[in-house]
Structures are given as C-alpha cells and as structure tokens.
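Below is one structure, written out as structure tokens; comments come after it.
Here is the naming used below: chain letters follow the sequence lines, and residue numbers restart at 1 for every chain.
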2 protein chains.
Amino acid sequence: MLAKLEMFLALSKEQHFGRAAQSLGITQPTLSTGLKQLEDQLGVQLVRRGSRYGGLTPEGQRALTWARQIVGDARRLREEMRFSREGLAGHLRLAVIPTALTWASRLAAGFSARHPNVAFTILSRNSAEIFTMLDNLESDAGLSYLDNEPLGRVSTVELYRETYTLVCAPDHPLAARAEIGWDELSGSRLCLLTPDMQNRRIVNAAFRAAGCEPVALMESNSTVVLVSHVATGAWVTVLPGDLAHFLASGKGLAIVPIRGAAPGHAVGLVAPWQEPHTPVLQALLDEAAELAND
Amino acid sequence: MLAKLEMFLALSKEQHFGRAAQSLGITQPTLSTGLKQLEDQLGVQLVRRGSRYGGLTPEGQRALTWARQIVGDARRLREEMRFSREGLAGHLRLAVIPTALTWASRLAAGFSARHPNVAFTILSRNSAEIFTMLDNLESDAGLSYLDNEPLGRVSTVELYRETYTLVCAPDHPLAARAEIGWDELSGSRLCLLTPDMQNRRIVNAAFRAAGCEPVALMESNSTVVLVSHVATGAWVTVLPGDLAHFLASGKGLAIVPIRGAAPGHAVGLVAPWQEPHTPVLQALLDEAAELAND
DNA sequence: TTCTGCAATAGAGAAACCATATCGCTTTGC
DNA sequence: GCAAAGCGATATGGTTTCTCTATTGCAGAA
C-alpha cells in the first residue's frame, strides 16, 4: 500500500508512466499494475487515461493530499529511527530564494559544525517553487519570505529583515551619494531579478510607492548575473544589503543605502508543519533560532 | 509496511502478541515475524521482549506517534475515497462525557436525518479517556470539556456552556427554594460523579470556592445512578441543567438552580486535528456548529 | 520439579510481486 | 494517407514474500 502510494506520487509528479517508473527504479508495467491495484483497493479511479496519462481525477487530487501526508510521515519515521541509531545524520535539502543564499550558507555552516554527519543540498529557487517543493517532499526546508505565505501549514523561524541597497560601479554618478531615493533610480540602467521572484515584486512595489515605474533593462534569476553586469560599469542593481556586501566585496563596487527601505520584509526558515518535528529538522530550526539571535 | 505498522499499533494496544494478532485476524507467528521485519526495516528495536511482551523501547514510543499518524491517515484516505463513491456513509464513533450524552443524541439525530447512511456508536467515557481514544484511533470524535485540553492538536466546536442545578425529591427541604447556594448543600446527602470525571472536579472546585468541602456519600460514573438514587427520596445530586431536566422529567423530582454557577464550562465537539478533515467528520463539525447556533 | 502460558522458529503452500515480451491505440512526421 | 514512434495496458513466468500449522524454547507459577 505504501509502495503504491509512492508510485502514485511519482506519477503525479512526472505525469508520465515510464518516467515515473524509472524514477522509482521499477519498470513501467509494474507501475501500471501497481496504480491499478491502488485504484481497485480504494474503489476509485485516480488517474485519467486514454492511451496517455491524462491528469488526475478530482478523487485523485484529493487522494494526492493524503498520499503526500502518508508517504512523508513514513519517511520521517524512517529518518527518526535512523537518528536513534546513528545520531544526527542524513541529508537535508534546502530550497532558498537567491537573495538569502548567503544566509543559507551561514545556517548550513553553523549546523554542519555541530552535526558533521549531515549532508546538505542547497538549491536556489523562487518562493513559489519553494513551497511547491515542500509540498512535494522534494525539499526538507526552505529560506523564503515569511509574509503572505500560507502560515499554519508551515513552521517558521525569522532570520532577518531585508534592507535594500543600490550597487553600482565606483565611477557611476550615484556612487558618491550617502543615501538615495527609489525615485532617483529610474534614470539608471537597471538590472533586476526576474518578475517570478518575490524580491522583484517587492522592489517593484517600492518603486511604485515612490511614484515611478521600474524599468529593468536587464533581468536575470541569478544575483551573480546582476552584480557581474554592474561590474561592467554602465549598470546598477538593487540588492539586500547583506548580499550586496558579499557580492561586491573585492570588486571595488559602490554600495549606497536606499532611503525609506529600512525595516523590510522578513526572511526566514520555513519547514512543513509537523507534530512532532523530525530530530534533524528540529536541530535545524534550533540552529536558525540561534542564528537569528546573533 | 502499512500492515506492519497496524501490527505494531495493535501490539502496543493489547500488550500481548496473541491477543494483538487475534484482534487483527491473523495468527501469532505472523504478527511476531511482521514486527521483527518492521524492526529490521527501521533498524531499531521497538518492543522489549524476554519471552514476554515487555513494553515499548524509547524508540518504540517515538515510532508509535508516527505509526498512529500514518495508519490514521491511511484509514482516512480510504474513508474519503469511499465517500466519493457512495456519498456520506460509514460509521462514526463518538466518545462522550456522561453529562453531555443528551447533546450527543441530539447531534447524532440531527446528523442522521441528513445523512441516513452513517451509523453511530456513542460511548460514555470520562474526558481523559476521550482524548486517549482519539489518539489511539479508537474513536472519531468526542464531546467533552473544551477548557484546559490540549488544543491545537484537535479541532473543536463549542456546543454549550454548563449551568449547574440541584436535583432532589419533591418533599426534600430544599425542593421549594427558588435558588440555592453551593454552601447550603453541604448538609445534604450528596450523590456525585466519581472523581475521575471532570464534571466532579468542577463541582468540587465550586464547592471549595464557596468555602465548603464536598462530601459525596454516594459516587457513580453514571448519571442514571445519581438520579435514580435521588428518586428514592433521601438524596440530592448536582447536574447540568439540561441533563437534569431530561433525567428528572416524569419522576416528579425538583430542580433548583444553583446561585453563581451561571456561565459554566464550555462543552463541545472535539476531533483530531487534520488538514483536511474527512468528509464525514467535516459534516459532523458542520452539524455541531449549526446545533450550537440554535 | 512439573505445568502452563507466551513468544520465537521451521517448513510448506499460497499469494503477491516484478520483469520481459508484446499488443493496441494515438500522435507525429513525411 | 501512411509509416513510424511513443505510450500505456496486458500476458506470462520466475522469484520473493506472506501467512498458516506445527513445534520448540523459555520463564514464571503451582
């Protein structure tokens, strides 16, 4: 039954019998009959078929929620038992918004120092993707904005609040300023994150609140691209102060605080809400709480 | 794996391999090897053994929490799929504190009128037992006091607030009173619920708040016993108004409101907190919410 | 000590599982 | 239109897993 639910999850993710089977290390006929048995046991059709995968039925959609819960808990059970054998060990998968990547490193480094047997995978993702990955059991925790997110379904630990700064070449006209307003940036050649990133939407909102429209002549989903463009001289970008200092250091770039951007959006650790948490995850939450207090 | 977890749950409940096996409709060797395989898969010993069942190990204790969650969700999945086949049908098991039994009937009757294919089992239990049964998947919902209970782990719908009344024979010295104080009862021959009942603890507290000690010369865990004793003439008891009227009707017993007992403890429906609720349970919560509004 | 109740183990038959091979249908490309 | 390719269902057989009966081993009680 649990194996069948795993098959169902894989199928709903891959949307393709062959690939789903492959992802589980079984053959397509096995998955095909497995799903059929699951449907028989539940007495409902879960997947629409007509010589192709045709999406989930409404019942399948509902079942998917339960399947995720059940399979997720089963994995957490195994992990917790492994913990009681081997102590804190295993693999933590984090999905992180680009502007929080340095904090992810800080968090992971601190954690690793205490629990050297835990391996990390840190993926850069936008905030919507982060929550999808948590739902799909593809990541264990994330670093993302804590505002306007479906709280109640996740545990959160606030790490810091973003403050925005301008990054530009040292010979740029704005580089000498002690402070600058959002409205003064509209004349510059702006590099900004792509609109699927929440950071970009926040920056957009800040521009509009200052009465001007943000025009990004250059967009990327990578902050490295933004800063390397700025380093070519003609461009400017807006980044959270922390990340700006990290990326600009050693390149002689200027960093100018932006006025009225002081107590920005909260960023922190998010993890699926569970009662109780798995030991590794609990340790991560503790680590984050400690990091936030420094 | 799921089957193994069921075995584990049954064993932890029955504390005996043979009985646990019987309760699952399998033989003792099957359960024995099943549990061994579960332990092998998890790599941990879950049960202490030495030619006898010797209780759970600490790991087993932790695993039990997850097992309950997983098995419970699997059952809920099956039930929800059955719902999408057959509409609202099945079996609801309620555990109810004795003083709320009339409300349980009211709730079940209303629900049954709307959803005639749902069968009910209503058990009278004390409030501690109710929460144990919810945890152990032995009941689907309960009616109990909502104060000082582990909220957050349960969904609740308040139904009413208890007000306390004195029940006595019509020729009893107190029967003619329009109202009475707690302190005036200490001279009477009191029948009260047993101390494991939360209602009794509330009554005790009310007595003590009035400056006197409650002395129950007769205790029972059944309100029927209390009232039938009162009907013999020499005794009095304290019951919530609703139940007092129900049990005393037709017996010529007197019911006297007790002063200062006005907005008493909240009583309502409690159900395991789940996201989302199963359709039958959701319908029950809706029914309770409606009943509360009348 | 013997007896009794409990859980583990052995062994055999049944059931479930999973892979290879293949079919039927749909879509795609020419 | 037709051939080719992609996709999922089905058939079949070998292997594993499951679960039963029968039995053994062990500890506490008489």
Side-chain angles (χ1 to χ4, degrees), chain A residues 1-61 63-64 67 70-71 74 77-78, chain B residues 1-61 63-64 67 70-71 74-75 77-78 81:
Chain A
M1 181 86 185
L2 249 174
K4 315 285 177 65
L5 291 176
E6 296 259 17
M7 294 182 192
F8 180 50
L9 281 192
L11 180 59
S12 83
K13 183 175 168 223
E14 301 286 350
Q15 316 234 51
H16 186 289
F17 280 73
R19 280 197 299 278
Q22 196 171 19
S23 80
L24 296 174
I26 59 178
T27 58
Q28 172 264 316
T30 300
L31 186 136
S32 221
T33 57
L35 191 77
K36 189 170 177 43
Q37 287 170 352
L38 180 62
E39 290 181 326
D40 287 349
Q41 278 183 39
L42 296 177
V44 206
Q45 187 172 353
L46 300 173
V47 173
R48 255 192 291 273
R49 347 235 223 304
S51 89
R52 292 290 157 114
Y53 174 84
L56 299 183
T57 63
E59 294 81 29
Q61 207 60 251
L64 185 59
I70 295 167
V71 170
L77 167 61
R78 291 195 201 96
Chain B
M1 180 89 185
L2 251 173
K4 315 283 177 64
L5 291 176
E6 295 259 18
M7 294 181 192
F8 180 50
L9 282 192
L11 179 59
S12 82
K13 183 176 168 219
E14 301 286 349
Q15 315 233 50
H16 185 288
F17 280 72
R19 279 197 299 278
Q22 195 171 21
S23 80
L24 295 174
I26 59 178
T27 59
Q28 172 265 317
T30 301
L31 186 136
S32 220
T33 60
L35 191 78
K36 187 168 177 47
Q37 287 170 352
L38 181 62
E39 290 181 326
D40 287 349
Q41 278 182 40
L42 295 178
V44 208
Q45 187 172 353
L46 299 173
V47 172
R48 255 191 291 273
R49 346 231 219 308
S51 90
R52 293 290 160 116
Y53 173 86
L56 300 183
T57 63
E59 295 80 29
Q61 207 57 252
L64 185 59
I70 294 166
V71 170
R75 289 185 190 169
L77 167 61
R78 291 196 202 95
M81 293 300 106

May I have the list of side-chain donor-acceptor pairs in residues 7-15 of chain A shorter than 3.5 Å, sequence neighbours left out?
unit_1	atom_1	unit_2	atom_2	d
A:Ser12	OG	A:Leu9	O	3.0

Within the structure, does a side-chain N or O atom of A:Thr30 lie under 4.0 Å from either OP1 or OP2 of C:dA19?
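For A:Thr30, the contact criterion (side-chain N or O under 4.0 Å from OP1 or OP2 of C:dA19) is met.
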Does C:dC18 have OP1 or OP2 under 4.0 Å away from a side-chain N or O of A:Thr27?
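Answer no for this pair, as no side-chain N or O of A:Thr27 is under 4.0 Å from OP1 or OP2.
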Heavy-atom neighbours of A:Gln22 CD exceed 12 at 6.0 Å:
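Counting other residues, nucleotides and ligands, CD of A:Gln22 stays at 12 neighbours or fewer.
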Where each pair must be Watson-Crick or G-U wobble with both distances under 3.5 Å, what dot-bracket representation of DNA chain C is obtained, with crossing pairs in [ ] and other-strand partners as |?
||||||||||||||||||||||||||||||
Using whole Å, report how far [atom1] of [X] lies from [atom2] of [N].
X	N	atom1	atom2	value
B:Phe17	C:dT9	CZ	C1'	13 Å
B:His16	C:dA8	NE2	P	11 Å
A:Leu31	C:dA19	CG	P	11 Å
B:Met7	C:dA7	CE	P	15 Å
A:Gln28	C:dT22	CD	P	15 Å

[atom1]/[X] to [atom2]/[Y] distance, rounded to the nearest 0.5 angstrom?
X	Y	atom1	atom2	result
B:Lys36	B:Leu31	NZ	CG	13.5 Å
A:Leu77	B:Ile70	CG	CD1	5.0 Å
B:Leu42	B:Leu5	CG	CG	7.5 Å

Hey, what are the protein-to-nucleotides 24-28 of chain C N/O distances that come in under 3.5 Å?
unit_1	atom_1	unit_2	atom_2	d
C:dT26	O4'	A:Ser51	OG	3.4

Which two nucleotides bound the region of DNA chain D that has atoms under 4.0 Å from heavy atoms of chain B, read 5' to 3'?
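Extent of the interface on DNA chain D: D:dC18 to D:dA27.
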Among residues at least two apart in sequence or on other chains, which ones pass side chain to side chain contact (heavy atoms under 4.5 Å, CB included) with A:Gln61?
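Result, side chain to side chain contact (heavy atoms under 4.5 Å, CB included) vs A:Gln61: A:Leu56, A:Leu64.
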What pairs with B:Glu59 under side chain to side chain contact (heavy atoms under 4.5 Å, CB included), at least two apart in sequence or on another chain?
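Testing B:Glu59 for side chain to side chain contact (heavy atoms under 4.5 Å, CB included), a comparison that skips the adjacent residues, returns A:Met81, A:Ser84, B:Val44, B:Thr57.
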For A:Thr33 and for B:Leu11, find the nucleotide of DNA chain C with the closest heavy atom, then tell me which residue's nucleotide is more 5'.
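Nearer the 5' end of the strand: B:Leu11.
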Under 4.0 Å protein heavy-atom contacts per nucleotide of nucleotides 11-16 of chain C, with B for base, S for backbone only and - for none:
------
Counterpart residues, side-chain hydrogen bond (donor to acceptor under 3.5 Å, both in side chains), relative to [X] (two or more places apart):
X	value
A:Gln45	none
A:Ser23	none
A:Thr27	A:Thr30
B:Glu39	B:Arg49

Taking every non-hydrogen atom, the tightest pair across A:Pro58 and A:Arg48:
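Shortest heavy-atom separation between A:Pro58 and A:Arg48 comes out as CD-NH1, 4.4 Å.
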Residues in salt bridge (Lys or Arg N to Asp or Glu O under 4.0 Å) with A:Arg78, at least two apart?
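Expected list: none.
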